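Below: one structure, written as structure tokens.
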There are 2 protein chains.
Amino acid sequence: MKVKVPKTLLTEHVALLERVIPTRSSNPLFTYLGLALTPDALVLFGTNGEVDLEVRLELPTEGEGRFLVPAQPFFQLVKSLPGDQVELGFGAELSLSSGSFSTRLSLAPDEGYPELFFPSLEGPAEPYPLQTLLPVEELLKALSHVRYAASNEEYRAIFRGVQLEFSEGGLRSVASDGYRLALYRLAKPQPFAKKVVVPARSVDEMVRVLKGMGEGEVALALGPGVLGLATSGSQGAAATGKGQLRMAVRLMEGEFPDYERVIPKEFPLKAAFDVEAFREALRRVSVLSDRQNHRVDLLFEERRVLLSAEGDYGKGQEEVPVRLEGLPLAVAYNARYLLEALSPLSGQAVLLLSGPTSPSLVRPGEAAEGYQAVVVPLRV
Amino acid sequence: MKVKVPKTLLTEHVALLERVIPTRSSNPLFTYLGLALTPDALVLFGTNGEVDLEVRLELPTEGEGRFLVPAQPFFQLVKSLPGDQVELGFGAELSLSSGSFSTRLSLAPDEGYPELFFPSLEGPAEPYPLQTLLPVEELLKALSHVRYAASNEEYRAIFRGVQLEFSEGGLRSVASDGYRLALYRLAKPQPFAKKVVVPARSVDEMVRVLKGMGEGEVALALGPGVLGLATSGSQGAAATGKGQLRMAVRLMEGEFPDYERVIPKEFPLKAAFDVEAFREALRRVSVLSDRQNHRVDLLFEERRVLLSAEGDYGKGQEEVPVRLEGLPLAVAYNARYLLEALSPLSGQAVLLLSGPTSPSLVRPGEAAEGYQAVVVPLRV
């Protein structure tokens with residue numbers, strides 16, 4: 001049983017698994033990397049109990065089998081091999097050779113290793129009865145634009161995840177920590193109606209894997225307590241440099257309480273500005289802000305907003321040009337929350353104020369885009 | 001009292017002080033940045049009690065005075081100022097403005113702040129009666145090539161420093177943790193004879209500051225319990241972008257025990273090799289080594305050395321071409337120690353073996369250079 005793999009193909013895909021497979025675990029088998037030979041592919045897989053990942057490299061192989069190898073030494077070795085090709089031979093041990101280097105790594109029996117279930121690309125199939133196809137780029141935005149708003153607090157269990165809402169109207173992602181809220185709406189109608197919550201840390205892994213997928217479409221599938229992803233990959237991994245990726249993440253139980261009521265609908269004041277300039281000024285002024293509540297005051301006037309802060313170190317101020325619609329207003333925010341709400345944006349942004357103490361909305365300049373964030377002003 | 005500073009000039013030099021000034025300290029005054037206006041310069045200074053640093057920027061100024069400003073907000077602000085110029089005005093507060101941004105930072109009285117003493121460039125002067133001039137590049141090598149060998153163990157107090165030995169014969173730097181030893185010899189005769197030990201962490205700061213000095217010469221001065229550095233800097237900081245740097249570091253008490261006797265003198269075997277190729281192979285093979293002693297076996301033969309290791313994960317081997325003088329030999333090392341001993345080298349390196357269990361010497365291929373390291377083989 002053996003296979004020859006171009007070194008760069010192996011290192012790039014192994015890097016994805018290296019993020020998932022833990023160096024230590026209460027289940028020692030999780031620290032192993034799975035390697036399977038099929039008649040036409042080398043398959044690498046791993047899990048940390050929360051996230052399962054599989055990489056399929058379509059290559060000419062000899063033989064069939066499934067093996068577990070200690071992940072850490074394998075990762076370290078693969079990164080620094082001297083040759084352009086890597087030869088893997090499977091027997092009682094794994095023999096790995098590349099250029100002048102050769103090694104034999106001990107293999108562990110795969111008894112007790114959990115069976116990993118991934119979605120099929122051919123459409124819904126057990127254990128994933130629900131499936132939808134999404135552009136990689138859109139799913140990436142839906143996850144990465146809202147991730148920051150998820151809670152880090154142990155006691156806000158459900159808020160430690162990102163909620164994905166599938167419906168006829170489209171896909172919506174939501175995150176909140178109870179103080180602020182981030183939303184992303186994708187108008188594409190979905191073939192099923194369902195709300196699921198993905199743990200924020202698993203969202204981070206999904207984002208990393210999706211970034212590695214490049215353009216194209218991804219199948220997103222749901223089963224009992226699990227969300228799966230699959231890319232089509234491409235035939236002949238050695239030539240294209242692309243393997244097929246499949247992923248499964250455990251879902252959280254429950255769903256978000258109703259959050260619609262906190263989203264303001266009417267805005268006496270609307271301020272549009274260049275988001276880079278505003279963000280830089282806000283960052284500078286916030287250095288002087290009180291270290292407890294990071295308060296920065298915003299005084300909206302005719303054509304400008306004056307940002308100011310005062311704390312133990314002194315006070316600072318800066319003005320930024322804005323285009324106002326509505327009446328001038330004074331309002332204060334926690335600078336960190338406002339900076340995070342603006343973080344997914346570039347170009348023009350809009351701040352919509354419902355009042356000096358009621359929730360504000362942050363949106364991209366072109367309302368067509370799907371992102372918006374709710375930030376609550378500090379009481380003056 | 002005010003001064004105008006080009007932003008890049010300020011940020012580059014402030015970055016050096018940011019490394020030294022602590023964010024927290026049992027002496028709260030250490031968390032402040034010192035700013036002094038002289039008739040022809042803005043002087044910035046700071047200390048952490050172990051390392052003092054001063055940056056002198058020759059610039060047109062108005063007024064004279066000495067002030068302390070909270071370092072952390074100052075550092076944060078300076079990095080992100082919007083304008084190309086920064087205006088500093090000193091009064092009851094520090095006013096700082098740049099482009100559309102302005103701030104007032106509170107100033108602290110400098111009562112209780114330690115007086116910092118730096119060497120003079122005009123030659124030996126109290127409190128630095130001894131002084132020598134060295135090329136920046138050579139002092140940098142003397143420190144950075146041996147630093148790795150210093151001990152991290154609390155109980156080997158004196159070995160937690162780097163010893164500098166000044167004599168008629170030249171300057172020598174030495175570091176050891178009792179298991180290995182690194183030396184650097186600079187043949188330039190020194191105007192005084194003295195051995196001093198600099199704490200390894202202060203050596204790291206010296207290396208960082210010396211790297212910022214570029215080429216040229218540096219004055220190295222000694223006083224009671226203190227070592228000082230000074231660069232000549234250049235006139236008109238705004239035009240040249242260079243300030244004058246001065247530094248003082250506290251010395252350790254005592255000196256190294258005699259180490260000459262552990263340096264082997266006779267070598268039945270000498271092996272020369274390309275250090276990059278050898279190091280890469282050693283790194284790969286050591287992935288398989290025992291995690292306790294990192295043992296890698298080296299079998300020297302006619303034209304090659306065979307590196308091999310075996311541990312819990314399996315075994316690996318690789319061969320590297322060498323030019324041998326002497327009789328073939330088998331020897332084993334802790335791979336980490338051997339890798340660190342090779343770390344300052346590039347191009348050709350030489351390993352000189354006094355026997356399979358007695359100390360070996362690592363040297364650059366061209367013996368003219370001043371670095372050498374002693375590594376003790378593992379008992380087979």
Side-chain angles (χ1 to χ4, degrees), chain A residues 31-33 68-83 92-108 276-291 304-321, chain B residues 31-33 68-83 92-108 276-291 304-321:
Chain A
T31 66
Y32 283 79
L33 168 72
L68 295 180
V69 66
Q72 286 313 310
F74 187 85
F75 292 153
Q76 280 186 57
L77 286 172
V78 160
K79 268 181 252 179
S80 68
L81 290 174
E93 296 172 303
L94 168 67
S95 73
L96 182 159
S97 59
S98 175
S100 55
F101 175 77
S102 69
T103 183
R104 304 188 75 82
L105 285 168
S106 57
L107 291 169
E276 300 297 342
F278 185 86
R279 199 152 47 197
E280 286 308 305
L282 181 55
R283 210 169 270 147
R284 272 189 290 274
V285 169
S286 72
V287 170
L288 283 310
S289 70
D290 183 282
R291 277 167 293 176
R304 58 165 209 170
V305 56
L306 182 72
L307 293 85
S308 63
E310 183 166 2
D312 293 344
Y313 294 137
K315 48 193 167 189
Q317 62 173 48
E318 186 164 351
E319 56 177 69
V320 179
Chain B
T31 66
Y32 283 79
L33 168 71
L68 295 180
V69 65
Q72 286 313 310
F74 187 86
F75 292 152
Q76 279 187 58
L77 286 172
V78 160
K79 268 181 254 180
S80 68
L81 291 174
E93 297 174 301
L94 168 67
S95 73
L96 183 160
S97 60
S98 176
S100 56
F101 176 76
S102 68
T103 183
R104 303 188 76 81
L105 284 169
S106 57
L107 290 170
E276 300 297 342
F278 185 88
R279 198 153 48 196
E280 286 308 306
L282 181 56
R283 210 169 269 147
R284 274 188 290 273
V285 169
S286 71
V287 171
L288 284 310
S289 69
D290 183 282
R291 277 165 294 175
R304 58 164 209 170
V305 56
L306 183 70
L307 293 84
S308 64
E310 182 165 6
D312 292 344
Y313 294 137
K315 48 191 167 191
Q317 62 173 49
E318 185 163 352
E319 57 178 68
V320 179

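Note that the coordinates shown come from a computational prediction; the quantities given were computed from them, not determined experimentally. In what follows, every chain begins at residue 1, and chains take the letters A, B, ... in the order their sequences are listed.
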- Task: Mind ranking Ser106(B), Ala281(B), Gly99(B) by heavy-atom pairs under 4.5 Å with chain A and telling me who comes out on top?
- Result: Ser106(B)
- Per-residue tally against chain A (heavy atom, under 4.5 Å) across Pro70(B), Ser308(B), Pro82(B), Gly311(B) peaks at Pro82(B)
- Message: I'd like to verify something: which residue of Ala277(A), Ser102(A), Ser97(A) has the highest number of heavy-atom pairs under 4.5 Å with chain B?
- Response: Ser102(A)
- dist Lys315(A):NZ -> Ser95(B):OG (nearest 0.5 Å) comes out at 12.0 Å
- Task: Using only heavy-atom distances, determine whether the side chains of Glu318(B) and Ser100(A) contain a donor-acceptor pair under 3.5 Å.
- Result: yes
- Message: Please enumerate all residues that pass side chain to side chain donor-acceptor pair (under 3.5 Å) together with Glu276(A), with sequence neighbours excluded.
- Response: Arg279(A)
- Report the option among Leu288(A), Leu94(A), Leu307(A) that has the most heavy-atom pairs separated by less than 4.5 Å from atoms of chain B. Leu288(A)
- Val287(A) pairs by side chain to side chain contact (heavy atoms under 4.5 Å, CB included) with which of Val78(B), Leu105(B), Leu77(B)? Leu77(B)
- For Ser289(A), what residues pass the side chain to side chain contact (heavy atoms under 4.5 Å, CB included) criterion, not counting sequence neighbours? Ser286(A), His294(A), Val296(A), Ala309(A)
- Within a strict 4.5 Å, meaning less than it, do heavy atoms of the Phe101(B) and Val285(A) side chains meet? yes
- Message: Between Arg284(A), Gln76(A), Glu319(A), Lys79(A), who has the most heavy-atom pairs with chain B when the cutoff is under 4.5 Å?
- Response: Arg284(A)
- Query: When heavy-atom pairs shorter than 4.5 Å are enumerated against chain A, which of Leu107(B), Thr103(B), Val320(B) gives the highest number?
  - Reply: Thr103(B)
